[in-house]
Amino acid sequence: MEKAKARKLSQSKRYNLTGWVFLTPAALLIAVFSFYPMIKCFIYSFQKGSTFANMQWYGINNYIRMFQDKVFMKSLGNTFIYFLIQVPIMLILALILASMLNNKDLKFKGFFRTAIFLPCATTLVSYAIIFRSLFSTDGFVNTILMKLGILDAPFAFLTNTTGARAVIILALVWRWTGYNMVFYLSGLQNIEYSVYEAAKIDGASPMQSFFHITVPLLKPTILLTAIMSTNGTLQLFDESVNLTNGGPANTSITMSHYIYDATFKYVPNFGYSCAMSILILVLVGTLAFIQMKVGDKRD
C-alpha cells in the first residue's frame, strides 16, 4: 500500500516537473519581454531626460504634468469617446451578425462569414489609405451624398472635429466587427440547436430566443471580447496616425498617438512618456477588473 502511494506521488512529481519544463521558457520570455519593461517603465516615470543615459530623478512631477497638459487631456477624452461609442456598436453588431449566420437554414454561410471577417485581415496602413480616399472632399462618400441631394457642397470629414472622429469610429467598426463575430460564432457552435427548436415549439419569438438563450449562454465570450476591445481601444494608435494624423488641432488624437509624439516627434521626454504609458496600463487594468466583476456572476 505504501509502495503504491509512493509510486503515485513520484508520478505526480514527474508530471509537475514535466509541466514546469514546458512552462519555464514561456514564463522567462514573458518576464523578460513584458514584466521587465513594465517595471523599468514605472521607474522611468519618476525621472526625466531626453536619453536613457542621462535620466534624472523627477518625483511625481511627470504625473502632475499629465493633468496640466491640455493636449494629453484632450487625447484622453478622445480615446474615451471612441471607447464609449465604438465598442458597444461593434460588439452588438458582431453578436447580431453571428446569430444570423448561425442559422442552419441560411445558404452561402461560408461566403458571408468570410466576407465579414476579411476586413480584419487587411493591413492597417492600406485600409487607412482607402478610408482617407473615401472620405476626402472629392472622395466617393461626398460624391454619393451630393448626388443624392443630401449635401450641397463637399464636407471636409478629415479636417472637421466631429467628422474626423466619426471616420475613425466607422473605420474601427468596419475592421473589427468580423473579428469579434468569429468569437461569437465559435460560442454559438457549442449551443445545441435543439435548445432553439424547443424554444420555438414553446412559442418563443426569434427576439426572445436571442435575449433569453443566446445572450445568457454567450456571457463568457461577450465578457472576453469586451475586455479585449477595451484594451485595444485604450491603446488605439494606427487609426489616429494614419487616418487623421490627430487633427484637426489634436481633436482626434489618441493617448498612444500623443505618447509617440512626445517620445519621437517633439523634444524627447522619456520619463513623461513612461508616466502616460503607466496611466494607460492602470486604466486598462481598472476597466478590465470592473468588467470582470460586473460580467462574471459565478460564485
Side-chain angles (χ1 to χ4, degrees), residues 30 34 76 78-104 106 109-124 127-128 131 165-193 195-196 206-240 243 254-256 280-299:
I30 292 171
S34 293
L76 178 63
N78 291 336
T79 304
F80 270 90
I81 287 173
Y82 301 143
F83 166 66
L84 293 172
I85 297 176
Q86 175 257 333
V87 172
I89 292 174
M90 177 182 64
L91 295 185
I92 292 170
L93 188 58
L95 186 56
I96 293 171
L97 289 171
S99 299
M100 293 171 62
L101 294 176
N102 191 51
N103 188 341
K104 66 176 183 178
L106 181 67
K109 286 187 293 186
F111 170 77
F112 290 120
R113 291 175 181 178
T114 304
I116 295 171
F117 178 76
L118 271 180
C120 179
T122 59
T123 60
L124 291 165
Y127 103 89
F131 267 79
R165 289 172 177 171
V167 170
I168 289 177
I169 291 170
L170 185 61
L172 289 169
V173 171
W174 177 82
R175 190 170 194 272
W176 294 110
T177 296
Y179 177 80
N180 291 285
M181 182 198 71
V182 170
F183 283 95
Y184 296 146
L185 273 173
S186 178
L188 287 169
Q189 301 300 314
N190 295 321
I191 301 175
E192 290 291 338
Y193 204 78
V195 177
Y196 291 99
M207 193 67 69
Q208 288 174 322
S209 296
F210 178 80
F211 283 107
H212 295 287
I213 298 176
T214 302
V215 173
L217 293 178
L218 282 183
K219 263 190 178 180
T221 309
I222 294 171
L223 179 62
L224 171 67
T225 54
I227 292 173
M228 291 194 305
S229 300
T230 299
N231 185 10
T233 305
L234 291 183
Q235 298 179 72
L236 189 63
F237 174 77
D238 300 274
E239 286 76 11
S240 174
L243 275 174
T254 61
M255 289 189 290
S256 294
I280 292 180
L281 175 65
V282 171
L283 289 173
V284 169
T286 302
L287 288 174
F289 177 77
I290 292 171
Q291 287 170 331
M292 286 289 291
K293 284 295 183 182
V294 172
D296 192 355
K297 298 297 183 181
R298 292 175 295 179
D299 295 329

For L234 and L287, the nearest pair of non-hydrogen atoms, with its separation, is CD1-CD1, 3.5 Å

Rounded to the nearest 0.5 Å, the OG1 atom of T214 sits from the CD1 atom of I222 at a distance of 9.0 Å

Output for pair (T230 OG1, L283 CG), nearest 0.5 Å, gives 11.0 Å

To the nearest 0.5 Å, atom OG1 of T177 lies from atom CD of Q86 at 8.0 Å

In terms of heavy-atom contacts, T254 and L236 come closest through OG1-O, 2.6 Å

(message) Test side chain to side chain contact (heavy atoms under 4.5 Å, CB included) on T225 and Y179; report intermediate values, then the result.
(response) CA-CA 9 Å; T225 54; Y179 177 80; over 6 Å; no

Heavy-atom nearest pair, F210 first then S99, reads CE1-OG, 3.3 Å

In this structure, CG of L91 is separated from CE of M228 (nearest 0.5 Å) by 9.0 Å

Tightest non-hydrogen contact, residues A98 and L185, listed as O-CD2, 3.5 Å

When every non-hydrogen atom of L101 is compared with those of M181, the smallest separation belongs to CD1-SD, 3.6 Å

Partner of V282 under side chain to side chain contact (heavy atoms under 4.5 Å, CB included), picked from I280, V284, T286, is T286

Let's go through V215 and L95 carefully: what are the C-alpha distance in whole Å and the side-chain angles of both, what is the deciding distance for side chain to side chain contact (heavy atoms under 4.5 Å, CB included) to 0.1 Å, and is it a yes or a no?
CA-CA 9 Å; V215 173; L95 186 56; 4.1 Å; yes

Exercise for review: Please check if atom CD in E192 has more than 12 non-hydrogen atoms from other residues, nucleotides or ligands closer than 6.0 Å.
Suggested key: no

Query raised in the report: How about Y82: does its OH atom have over 12 heavy atoms from other parts shown lying under 6.0 Å from it?
Result: yes

Interatomic distance, CD1@I85 vs CZ@F80, rounded to 0.5 Å, equals 13.0 Å

Requested in this report: Report the C-alpha distance between L172 and M90 in whole Å, list the side-chain angles of each, state the deciding distance to 0.1 Å, and finish with yes or no for side chain to side chain contact (heavy atoms under 4.5 Å, CB included).
Outcome: CA-CA 8 Å; L172 289 169; M90 177 182 64; 6.0 Å; no

Heavy-atom nearest pair, T79 first then M255, reads OG1-N, 3.3 Å

CE (M100) and CG (N102) are apart, to the nearest 0.5 Å, by 12.0 Å

Might you work through the side chain to side chain contact (heavy atoms under 4.5 Å, CB included) test for W174 and T122, ending with a clear yes or no? CA-CA 11 Å; W174 177 82; T122 59; 4.1 Å; yes

